[in-house]
Amino acid sequence: MTNREIAQLLRNIAAAYEVLGENRFRIIAYDRAAESIEHLTSELKDYWDDGKLGEIPAVGETIAGHLDELFKTGSSKHFASVMGKVPQAIFPLLMVPGLGPKKAYKLVKALKLTSAKSVIEDLGKAAKAHRIASIEGFGEKSESDILTGLEAFKKGQIKENRMVLPEADAIAHEVLTHIRKSPDAKHTDTLGSLRRWVSTVGDVDIAVATAKPKEVIDHFITFAHQKIIERGPTGASLLLHNGRQVDMRVGKPSAYGAMLQYFTGSKNHNIRLREYALAKGMSLNEYGIKDMRTGKLRTFETEEAFYKALGLAFIPPEIREDKGEIEAALRSAQGKPGGLPNLVELKDIRGDLHIHTSYNLEPSHDLGSSTLAEVLDKAHELGYSYVGISDHNPSKGNHSDNQIIDIMKRRKDKYEQQYSSWNARVKKRVHLVIMLEVDILSDGKLALPDEAYNYVDAVIVSVHSSFSQNKSDMTKRITNALQSHPKVRIFGHPTGRLLQKREGYELEWDTIFDICQHNDIALEINSFPDRLDLPDMLVFEAAKKGIKFCIDTDAHAAGQMNSMKFGVSVARRGWATKRDIVNCMDYNDFATWITKRR
DNA sequence: GCCGTTTTCGGCCCGACTGTTTTCAGTCG
């Protein structure tokens with residue numbers, strides 16, 4: 001069973017408990033355990049194999065015991081018994097917006113819906129036949145809401161509704177530019193997962209501080225849209241022509257800090273923060289901090305002041321995920337060691353090492369569309385001191401080893417020639433590193449003959465085929481590849497995931513981390529919009545072990561080199577500092593590292 | 001059922017919104 005499936009199982013137990021009227025804290029405990037398991041970076045089964053179920057946050061003795069039985073025998077008597085006490089038909093309904101355990105149970109009971117398989121269809125028919133409005137606790141409105149919810153669910157099943165971060169970022173940029181034209185918008189910020197730079201984002205949420213909310217809202221809705229979803233005194237929601245939703249929320253400048261904090265989340269960060277505050281006699285809400293004794297509310301213009309009032313250092317939005325940041329912020333504020341990390345910033349990046357040009361070396365995969373000179377110009381514009389060209393290797397199927405060696409030699413000559421003429425033209429120096437992105441073949445060999453390595457400074461290795469290998473084979477394949485040549489310095493887009501399209505392959509990460517550490521190989525954080533790979537949670541794990549990263553754009557056109565900020569955001573979400581990033585080194589240190597031979 | 005710079009017992013985040021209600025239950029983020 002995957003982590004997601006087990007999390008789902010625990011959520012269903014919580015729902016069943018809710019229907020059964022169980023103690024509500026027990027219900028919350030199961031929900032929290034589910035959430036925790038869903039966010040693990042390793043398979044739950046691996047924890048079990050190592051006898052470490054108890055180390056998982058929110059999993060205590062009891063749940064660990066049930067999970068142990070589940071892994072040992074394939075099922076848990078306790079789970080089965082709880083689930084058996086409620087009608088199975090309620091579970092699919094929990095996925096429908098607007099329906100929770102209690103309503104689902106009432107519906108299933110009143111309408112005698114027994115089949116979990118057809119319950120969605122059956123409920124839809126009942127709604128159309130107006131058999132819901134007469135059920136106690138329901139009415140005309142909830143009947144039509146349920147119908148809408150079912151429709152939304154059916155659509156949602158077909159297409160995932162979230163967008164990749166760069167798309168959300170682009171939309172936010174346009175909307176913010178529009179809002180800022182209003183003289184009444186004093187401050188503007190993004191909110192929610194977008195402000196925390198999560199790899200995928202649902203809606204674009206925006207906050208505006210203003211003394212004149214009506215004027216700002218009137219101005220906001222003049223942004224091109226197909227529909228105004230909602231419009232009230234505190235904000236408005238627009239459906240854009242591209243089908244995306246933008247929510248804007250307004251607040252007084254004097255209380256803007258609390259509003260930003262509250263709506264930035266994450267949910268888990270806010271829960272933990274409120275627990276922490278409560279212990280100090282303070283209650284938090286979106287308007288400020290309430291003193292529990294006097295009942296008085298203090299307001300804050302900025303988030304910095306808000307966190308400070310709690311005795312904490314400012315926590316960057318990217319790491320507000322309840323991964324120890326509150327404790328670290330407390331230590332920072334107290335001047336103790338183990339405080340918040342000094343997160344890497346875009347301006348710390350000194351070069352980009354994964355760029356494809358239009359030079360045709362008859363590769364196994366796609367060429368880029370910009371020339372070397374165009375890439376160098378762009379690197380210059382970005383203020384980089386070095387740039388690495390990592391085209392795909394010449395295809396193995398269409399060439400003999402000697403032909404590949406020949407192509408590689410010609411490529412090096414050509415690049416050096418082009419580079420020196422570019423250098424003569426541009427005064428500021430951008431160093432060129434001639435690299436290659438080499439396929440890791442299905443047997444773990446690299447798709448480049450040994451002699452061809454003479455014509456590159458270093459290589460990135462990545463998987464571009466046979467994605468469905470099992471975890472153990474894939475791990476062996478990659479560990480072999482990483483150790484097969486001393487010029488292998490970077491492991492490219494390590495999970496192979498494509499956001500919304502393809503799950504990454506499974507790897508034994510501890511093994512991979514060990515190899516990287518031992519050989520001083522950097523894990524790539526690939527900034528390409530639908531990759532953002534290595535994922536932030538794995539960056540967090542690897543960084544703890546002192547493994548190095550290389551943040552690259554994988555640009556196939558010079559313009560795509562602008563995507564660097566997304567890779568940086570992934571690194572930040574993984575608590576990485578500039579010392580963890582090889583392309584934050586100045587050229588001399590970097591040159592020593594990239595040419596290091598173990 | 002979980003968990004510990006208040007604690008191994010006794011607590012457990014907060015508020016908005018909605019629809020169905022005469023004061024609240026359920027759902028959501």
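The basis for the numbers below is simple: all heavy atoms, side chains too, and nothing from hydrogens, waters or symmetry mates. By convention in this document, chain letters (A, B, ...) are assigned in the order of the sequence lines, proteins followed by strands, and residues within each chain are numbered from 1.
Within the 4.5 Å cutoff, side-chain heavy atoms of Leu194(A) are placed close to those of Val204(A). The side-chain heavy atoms of Val246(A) and Ile171(A), taken from C-beta on, include a pair separated by under 4.5 Å.
Contact annotation for Ile27(A): no contact, since no heavy-atom pair falls under 4.0 Å across all strands. Ile271(A) comes within contact range of at least one nucleobase, with a heavy-atom separation under 4.0 Å. Counting non-hydrogen atoms under 4.0 angstrom, Asn270(A) reaches nothing in the nucleic acid. At a threshold of 4.0 angstrom between heavy atoms, the contacts of Arg24(A) with the nucleic acid are absent. Residue-level contact check: Glu136(A) touches neither bases nor backbone, having no heavy atom under 4.0 Å from any strand. Nucleic acid contact class of Tyr287(A) (heavy atoms, under 4.0 Å, all strands): sugar-phosphate only. Residue-level contact check: Glu140(A) touches the backbone only, with heavy atoms under 4.0 Å from sugar-phosphate atoms and none from bases.
In this entry the distance linking CD of Glu230(A) with C1' of dA16(B) reads 11 Å, nearest Å. Whole-Å rounding puts the Phe263(A) CZ to dC14(B) C1' distance at 11 Å. Atom CD of Glu327(A) is separated from atom P of dT5(B) by 9 Å (rounded to the nearest Å). Rounded to whole Å, the distance from CG on Leu53(A) to P on dG1(B) is 16 Å. Rounded to an integer number of Å, the gap from CD1 of Ile13(A) to C1' of dG1(B) is 13 Å. Here dC14(B) presents its C1' atom at 17 Å from CE of Met259(A), a figure rounded to the nearest Å. Atoms CD (Glu22(A)) and C1' (dC12(B)) sit 15 Å apart, rounded to a whole Å. The distance between atom CG of Leu278(A) and atom P of dT5(B), rounded to the nearest whole Å, is 15 Å.
Set against dT20(B), dC12(B), dA16(B), the side chain of Glu275(A) has dC12(B) as its closest nucleotide. Taking the side chain of His66(A) as heavy atoms from C-beta on, and the options dC12(B), dT20(B), dG1(B), the nearest nucleotide is dG1(B). Residue Lys336(A) places its side chain closer to dT5(B) than to any other of dG1(B), dT5(B), dC14(B). Side-chain proximity of Ala279(A) to dC14(B), dG1(B), dT6(B): nearest is dT6(B).
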I'd like to compare against my own output: the B/S/- annotation of nucleotides 22-29 of chain B with a strict under-4.0 Å heavy-atom distance to protein. ----SSSB
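One finds no side-chain N or O of Asn285(A) lying less than 4.0 angstrom from the OP1 or OP2 phosphate oxygen of dC14(B). Side-chain nitrogen and oxygen atoms of Ser142(A) include none within less than 4.0 Å of the OP1 or OP2 phosphate oxygen of dT18(B).
Remark on DNA chain B: of its neighbouring residues Ala58(A) and Leu284(A), the 5'-side contact belongs to Ala58(A), judged by nearest-heavy-atom nucleotide. Summary of the strand contacts: Lys290(A) and Lys141(A) both lie near DNA chain B, and taking for each the nucleotide with the nearest heavy atom, the more 5' one is attributed to Lys290(A).
Taking atom C1' in both dT18(B) and dT23(B), one finds a spacing of 15 Å when rounded to whole Å. Nucleotides dA25(B) and dT20(B) are separated by 9 Å at their C1' atoms, to the nearest Å. The same atom, C1', is picked in dT6(B) and in dC12(B); the two are 14 Å apart, to the nearest Å. Between the P atoms of dG15(B) and dT7(B), the separation comes to 26 Å (whole Å). The gap from the C1' atom of dT8(B) to that of dC2(B) amounts to 12 Å, rounded to the nearest Å.
Remark: Arg11(A) fails to qualify as a cation-pi partner of Tyr30(A) under the 6.0 Å distance and 45° angle criteria applied to the six-membered ring. Cation-pi geometry between Lys308(A) and Phe314(A) is not satisfied (NZ or CZ under 6.0 Å from the ring centre, within 45° of the ring normal).
A side-chain donor-acceptor contact under 3.5 Å links Thr200(A) and Arg162(A). For Lys252(A) and Tyr256(A), the side-chain atoms include no donor-acceptor pair closer than 3.5 Å. No hydrogens or angles considered: nothing links the side chains of Thr577(A) and Asn342(A) as a donor-acceptor pair under 3.5 Å. For the 3.5 Å distance criterion, the side chains of His178(A) and Thr222(A) qualify, holding a donor opposite an acceptor.
Pairing of dT8(B), defined by two Watson-Crick or G-U wobble distances under 3.5 Å, is not identified with any nucleotide.
Applying the 90° criterion around 0 to the glycosidic angle, dT22(B) comes out anti.
Looking at Glu506(A), its side chain never comes within 3.5 Å of a backbone N or O of Gly504(A) through a donor-acceptor pair.
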